[in-house]
Amino acid sequence: MKKQIQDICKGKDLASNLKWYRNAAVSTYSEYASLELTFSAYTMLQEVVEEKPELAAREEDAVHTMLVSLRAIGEENVDYPEVMSAMQKLRDNITGKMDFFTAYTDRLIIYEYVMNRMELSFESEKELDARLAEINENTFLDQLCFWMYADKDQNVLQEKQHFVIGQIPVQLTKAKFFEKISEALTLYKGSEKASLDDFIYMIRTTAMLYEPYGHTEEYAETIKVLQEFDKTDFADISKERYEELTVLLEEEAQYIHRITDFYYTMQKVVNDIYALCVLMPYAEDKSKLILACESIWRCLAGKKYMDEMLVPLEGRIEEYVEKTSYLEAAMIEVKSSYQEEIDRQNMKEFFEDLTLAANLLSDSLFIDLEKARQTEIADDSYVKQRTEELLDELSARMAQMSRPVKRAVMGAVIEKLPMQFQKPQEMEEYIRVNLLGCRDKSEKLIVMSILADIMSEGM
């Protein structure tokens, strides 16, 4: 496969190599989707029956649709368009609910940030001084910098840097804060509009700007919890009220984890069925692996499942992850460089469908399928327009926030921006000035405690 794909990327014998690619992609992706569906459907059924029956009862119609569709694609004569339509509707419904919980969770994260920094605010000055006296600040700084830069993996390094930046007390003016956001958005000039829009969406949810549409009646109790935090004046809060909200936050965090995990499991099954409906019409026959998976689907659709069913399939997925990564890299190259040959062989629709299937089988379970097809480029005027819209909205919202919440929003947004420090010395100086130089002793102490805990856990 590697050799064949290398030839395709070099433009060799495209007339025959693209036909080979089509057959290889259909075979590989359909078998990969079959394996993924078998495991994801088994996991979902286990959750529905054993672990989260109250959530399954709440989504009884959706679960029923999934099981009916699972049985349908395991039969001989499948109406793929009908099953695909059912999965599209179900996917839109689940995505809408996760959109709601994403925005809701991001707001609670802001309030958690605020409350974390208030944890020691009820202690006396004497107690705070005593705790700070036990810490050697230079040693702490050395340990923190060593922890950040010890790993040579750039992704791990950036993850650690972003986390630390997000925890450090924010000492920025509003103008400087907006300048950092503007600088980050200019990096998207020349990229696809969808990428810029996704980044702005992330900033808006992080900054408590995004208002998800719908589900207000279905999750009225959830919204009521959020309103408890919205109406709290964190600049003037009693210890009793703080403790009440701490318990409420912990309970709600457990609920959110439970329900979003459930929807993740459902979406995985929906995406896998959807991908198979896209791929199988291109398949000339079914492999032994797909036939074996189909027999398991029929059992699962009848709510019959045993661990032994999966044993013959264990360890098979890794092989397909590697193969699909090669095929996807070639797909990107072919679509960008050999459009004329694609049109000549009437393969445009195939490559569109293959792209759709690859997106459905990716780790981005809730990817916007329509937006993923768009390739329009963000020029200077588009970036400028979207930046102005975001900053105007953010300015109006921040004017309504209390100071603790405003600082939490700034810290959370800064954590999402591209890393601003190129040298370790710059990062060290930022920590020294903004954390070790922080005048709020309780906040300084709690942030140092958070960072010490993360270092000890290894993140």
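If you read the sequence from its start, that first residue is 1, and numbering goes on from there. Values reported hereafter were calculated over all heavy atoms of this structure, with side chains retained and with hydrogens, waters and symmetry mates removed.
Atom OG1 of Thr222 and atom CD of Glu252 lie 5.0 Å apart (nearest 0.5 Å).
Using the six-membered ring where Trp is involved, Phe100 and Tyr219 have ring planes that are parallel, under 30° apart on the 30 and 60° scheme. Classified by interplanar angle (parallel below 30°, tilted 30° to 60°, perpendicular above 60°), the ring pair Tyr210/Tyr201 is perpendicular.
Contact of the Lys406 side chain with the Val409 side chain is not registered, since no non-hydrogen atoms from C-beta on lie closer than 4.5 Å. Contact of the Leu313 side chain with the Tyr42 side chain is not registered, since no non-hydrogen atoms from C-beta on lie closer than 4.5 Å. Under the 4.5 Å side-chain criterion, counting only non-hydrogen atoms from C-beta, Leu365 is not in contact with Met98. The shortest distance between side-chain heavy atoms of Thr246 and Met118 does not fall below 4.5 Å.
Within the cation-pi definition used here (under 6.0 Å to the ring centroid, within 45° of the axis), Lys323 qualifies as a partner of Tyr320. Under a cutoff of 6.0 Å and an axis angle of 45°, Lys193 and Tyr382 form a cation-pi pair. Figure legend: cation-pi geometry between Arg107 and Phe229 absent, as NZ or CZ is not positioned both under 6.0 Å from the six-membered ring centre and within 45° of its axis.
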Query - Full working for salt bridge (Lys or Arg N to Asp or Glu O under 4.0 Å) between Arg241 and Glu228 - result: CA-CA 11 Å; Arg241 177 62 174 163; Glu228 284 295 312; 3.0 Å; yes
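Of the listed residues (Thr28, Leu354, Asp353), just one forms a side-chain contact (heavy atoms from CB on, under 4.5 Å) with Leu279, and that residue is Leu354.
Remark: side-chain polar atoms of Asp99 are not paired, donor with acceptor, to backbone N or O of Thr95 under 3.5 angstrom.
With a 6.0 Å radius and a threshold of 12 heavy atoms from other residues, nucleotides or ligands, Lys189 has its NZ atom at or below the threshold. No more than 12 heavy-atom neighbours from other residues, nucleotides or ligands sit within 6.0 angstrom of CZ on Phe146. More than 12 heavy atoms of other residues, nucleotides or ligands sit less than 6.0 Å from atom CD of Glu314.
Sequence neighbours left out, the pairs with a member in residues 255-265 that pass salt bridge (charged side-chain N to carboxylate O under 4.0 Å, His left out) are Lys52-Asp261, Glu54-Arg258. Residue pairs meeting the salt bridge (charged side-chain N to carboxylate O under 4.0 Å, His left out) criterion with at least one partner in residues 64-92, sequence neighbours excluded, do not occur; the list is empty.
Aromatic rings from Phe366 and Tyr263 are positioned such that their centres are separated by 6.0 Å or more.
Counting all heavy atoms, side chain and backbone alike, Ser295 lies closest to Ala292 at OG-O, 2.6 Å. Between Leu276 and Leu37, the closest heavy-atom pair is CD1-CD2, 3.7 Å. Nearest heavy atoms, Val63 versus Ala56: CG2-O, 4.3 Å.
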Taking only distance into account, with no hydrogens and no angle test, what donor-acceptor pairs under 3.5 Å do side-chain atoms of residues 296-306 form with protein atoms, sequence neighbours excluded?
from	atom 1	to	atom 2	distance (Å)
Trp297	NE1	Thr38	OG1	3.0
Trp297	NE1	Cys293	O	3.4
Arg298	NH1	Gly74	O	2.4
Tyr305	OH	Glu50	OE2	2.8

